[in-house]
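Data block below; observations after.
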Amino acid sequence: MLLDSVVAASADVAAVSGRLAKTDKIASVLREVPAEEIAVAVAFLSGDLTQRQIGVGYAALSDLLGPYDAEAGGRTAGIRQAATPALTLTQADAALGEIGARSGPGSQTERRRLLADLLGRATLAERDFLVRLLAGDLRQGALDGVVADAIARAAGVPAAAVRRAYQLSGSLAAAAATALGPAVGRDPAEAEQALLAVRLAVGRPVRPMLAASAPTVSAALERISPAAVEYKIDGIRVQVHRQDRQVRVFTRTLDDITERVPELAQAALSLSARHAVLDGEAVALYPDGRPRPFQVTSARAASQPGMPDRGERVPLTLFLFDLLHIDGLDLVDSPASERFARLAAIAPAGLVIPRVVTADAGEAEEFFATAVAHGHEGVVVKSVTGPYGAGRRGSEWIKVKPRHTLDLVVLAAEWGHGRRHGWLSNLHLGARDPATGGMVMLGKTFKGLTDALLAWQTERLLELADPPQPVATTTWRGVVPVRPELVVEVAFDGVQASTRYPGGVTLRFARVLRYRPDKGPTDADTIDAVRALWTPDGTPDSNLVNPEDARSAP
DNA sequence: AATATTTCCAG
DNA sequence: TTCGTGG
DNA sequence: CCACGAAATGGAAATATT
């Protein structure tokens, strides 16, 4: 099939707002795609490459096509373009694969040459689509969720069958190939049978179960009771597959990081089971059992074993909380209580997440307080009856974290994109510096803003713009500095070290709660107050705990 | 050795 | 993360 | 009430280029 057909379908999808209409349009084109090209078509239509990544990013695209030009609605700088569509899906996919296969010295130049070659064979519409695909910014209003429905529609099977195959195989393109690929005819009964035959495979990652959130433990217990209440560890999510003596470790996004975390594989070998698929969290701990800053865990999990590393290699500690498969038995559909009981039966106590099962809000709140006192992020409140509903942001799991807030000053704002076009969106946040009387920038946030708030802040910030903005001639792009007068209440998850900002610290996951018109810049929180919330690595605060305490529930 | 680019992580 | 929209 | 997609950050490591 021509790439152009998929590009045209994507444009149609972007042009309608309803999900059903989008599903319809994607299903229509999928019905026309030859069986052997289904995986490519589905990858492209859900905003992915079949190769995941190929070493082409924003810079390479800008070099080739010039910077994004808002007035023209795209990139205009010239490279050759095809007059008529000729590229097939297979050819485009193969060309992208060629680009990704390059490595070593000279590879960037070579990638750019190949990229120019590919884009030169594309029409304007195709080129625009490929650029958005490579930039990871399809913006057609449909990603894997909508495309999953479309696959079901095209194959004439229940959406649940596609979702299940997607969950268990970890790949939507694979699920689509199962339903519509060469191995099955275009017969709904056959397709459904093939989808239902997809099973969890040890060594192939499944999509991880996600959690909703609630402001307090009591609120979470109102939705789930009795519930298992578990420590929420501030590390990286890991899915561990053990097949005899072979172990593989996957991240939340299903990347294989086995080679980087040999100690986790080692830990998995201590389980009393030959085959197992487990879900858990890995974290770098201090000797006393408290968690190190997230940055330490993150850096540790990102570094290869053979690389010259600066500083010590802090080992990661594994906390397991779920079991999806044990010695030939799939547990994905079993109740959580059974999965955990089997986990506890095969895992040394030290590898299992601290938890309590309770229906008592007081007891749960107390456990939450203990988790936080031990330096952890909070707790996850889990149904004891639910299955492992992978990929669903359902309510079988609810996370609860303490909420920190600061009153900060808006120093500048940036014009928004997409549906925030024409609004001042991304806010530069500053804390008061009593030493200088000035403001210290701590980071930015665009989160937590309602449309009403966006409208209000755009008007108010333009009044405060310094120098004043000629609104009528504004390009709707760039940074608008403002007089530091507006105070905003911001929630955040923590304070972390920063090389980017002058204060040396920045906020993790800052989001706007509300404006504080009752406060002026002199009432804002100080940089000293922010720094006081930061625990640099190597100096765990004085609230020491016994290492055993961090591992075991009180 | 220092800098640029890409990718991946968290939510 | 949060929000708004669709269903 | 749930599912979905969009808003676009910031740190850090690996890999390439200078």
Pick base, sugar-phosphate or nothing for [X], based on heavy-atom distances below 4.0 Å to the nucleic acid.
X        : value
A:Ala301 : nothing
A:Arg500 : sugar-phosphate
A:Lys444 : sugar-phosphate

Residues forming a side chain to side chain donor-acceptor pair (under 3.5 Å) with A:Gln140, sequence neighbours excluded: A:Ser10

Rounded distance in Å between the P positions of B:dC9 and D:dA8: 23 Å

A:Asp93 and A:Thr50: side chain donor to acceptor below 3.5 Å: yes

Side chains of A:Tyr166 and A:Asp144, donor plus acceptor under 3.5 Å: yes

First encountered from the 5' end of DNA chain C, between A:Thr450 and A:Ser213: A:Ser213

5' precedence on DNA chain C between A:Ala452 and A:Asp493 (nearest-nucleotide basis): A:Asp493

Letter per nucleotide, 5' to 3', of nucleotides 5-10 of chain B [B base touched, S only sugar-phosphate touched, - untouched; heavy atoms, 4.0 Å]: SSSSSB

Proximity to the side chain of A:Arg511 - top-ranked nucleotide from C:dT2, D:dA13, C:dG7: C:dT2

Ion pair A:Glu281/A:Arg237, N-O distance below 4.0 Å: no

Carboxylate-amine/guanidinium proximity below 4.0 Å for A:Arg164 and A:Asp333: yes

D:dT15 OP1/OP2 closer than 4.0 Å to side-chain N/O of A:Ser103: no

Paired and unpaired positions of DNA chain D as dot-bracket, Watson-Crick or G-U wobble under 3.5 Å, | denoting a partner strand: |||||||.||||||||||

Residues, nucleotides or ligands: over 12 heavy atoms within 6.0 Å of A:Arg52 CZ: yes

Side-chain donor/acceptor of A:Arg511 to backbone N/O of A:Gly448, under 3.5 Å: no

